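Reading through the structure tokens given below for one structure.
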Amino acid sequence: MKSIEVMKDIYWTGVRDWNLTNFHGHSTPKHSTYNSYVILDEKITIIDGAKLQLSDEMIERVESITSFDKVSYIVVNHVEMDHSGNMPILKKLAPQAKIITCIAGKMALEEHYDTTGWEFIIIKMGEEVSIGKRTLSFFPTPMLHWPDSMVTYIKEDKILFSNDAFGQHLCDEKLFVKDVSLEVALEEAKRYYANILLPFNVQTEKAVDVLRGVDIDIIAPGHGCVFSGKEEVSKIMDTYDEWASGVDKGYAVVVYDTMWGATSTLADAVKSAFESMNIPVRKMCLQNIHYSDVMIDIMDAKYVAVGTPTLNNEIYPSVVEFLTYLKGLAPRNKVGFAFNSYGWKKGVASKVEEYFDALGWDKISSFDIKYSPKIEGELGIKEHLKENISK
Ligand code: FEO
């Protein structure tokens with residue numbers, strides 16, 4: 001396993017997780033990487049670790065450029081186990097290396113691992129650590145993605161090691177975005193943002209604001225490919241600003257599951273009702289799409305219509321799964337609409353609306369129908385939606 005040169009004396013020593021198809025609940029069709037970096041300077045420094053199960057790959061990459069007994073510092077930007085899982089192994093290989101992290105990082109490391117004998121340098125934000133020709137400085141990015149998250153910057157090289165921020169679950173033999181595709185990297189950055197950072201829009205806006213004051217030529221994240229050049233750096237920062245602003249694009253998402261086809265028929269009617277009001281629609285059945293992929297479209301949507309059959313007086317299981325996930329990610333300022341096909345007892349649409357209420361969304365009055373709609377004219381859903389949406 002070879003390391004890859006990012007720039008003179010700075011190497012990527014991360015690992016590629018080709019088998020990953022789901023990262024704590026969200027689908028990762030392009031898999032992922034856990035990026036670590038080595039800086040060769042008077043004090044050799046490792047930036048971040050890797051997932052425990054793939055530790056050997058990182059170790060080989062580090063050893064292709066240096067030996068662990070020469071490492072002075074290991075920077076821990078974030079303690080989630082995809083970045084720190086192999087920290088106890090790295091510390092065994094480099095017992096002399098001091099861990100540089102913030103106080104929340106130290107506490108989280110102590111809560112995850114036996115850190116007996118580990119020496120820490122606890123940095124405060126804005127503080128600098130010289131490693132020879134280079135200076136490391138640190139900026140807080142709390143909740144991007146955990147309270148301990150921070151980023152590391154080298155002013156001499158204008159490189160930012162951003163850990164989860166600006167990451168993509170994108171695995172490729174090529175390291176640089178320019179060699180893969182900016183379009184693909186942004187697409188995967190969006191999937192990542194929608195499923196990981198969406199609850200933290202406010203913190204993201206603040207972090208991007210701070211980082212805009214820093215002169216950055218390269219963003220080397222903890223996942224996926226490296227953004228290089230001012231144009232790519234500006235693009236991902238502008239895009240993050242746009243996502244974090246929560247401004248919708250005015251379209252509707254219709255998401256549903258169906259038991260015997262009735263809710264599917266309702267979903268078609270909901271779609272055509274929105275379209276008749278010149279509101280673009282993205283309709284998805286949870287039998288054909290992972291609930292986490294729906295989040296990519298929900299992020300920019302104005303209306304979210306959720307359809308469910310009644311099963312044993314409850315919301316259909318796949319729809320519950322989606323709603324639970326949605327509630328956790330807490331997208332704001334949407335308008336929810338629940339529609340339902342029931343058998344002998346009404347009431348499930350209002351259970352869907354409880355999720356909208358928990359999210360603080362506005363609601364369009366719900367619609368339900370007994371058993372199966374026979375012809376579209378009987379549905380009444382178009383009229384219902386039109387009437388209630390214009391209220
Ligand atoms: Fe990539 Fe929050 O860990």
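Because the structure is a prediction, the values reported are computed rather than measured. Every number for a ligand or one of its atoms is a count from 1 in the order of the listing.
- For the residue pair Thr308 / Asn340, no side-chain donor-acceptor distance below 3.5 Å is found, with atom types taken as modelled.
- Electrostatic pairing of Lys106 and Glu110 counts as a salt bridge here, judged by a charged N lying under 4.0 Å from a carboxylate O.
- For Tyr325 and Tyr291, the ring centers are positioned less than 6.0 Å apart.
- Excluding water, every protein N/O/S atom under 2.8 Å from atom 2 (Fe) of ligand 1 is given here by residue and atom: His78 NE2, Glu80 OE1, His145 ND1, Asp164 OD2.
- Without hydrogens or angle criteria, Asp114 side chain to Thr116 main chain gives a donor-acceptor distance under 3.5 Å.
- Between Lys351 and Glu314 there is a salt bridge, since a side-chain N of the basic residue sits under 4.0 Å from a carboxylate O of the acidic one.
- Within a 6.0 Å radius of CG in Asp215, more than 12 heavy atoms belonging to other residues, nucleotides or ligands are found.
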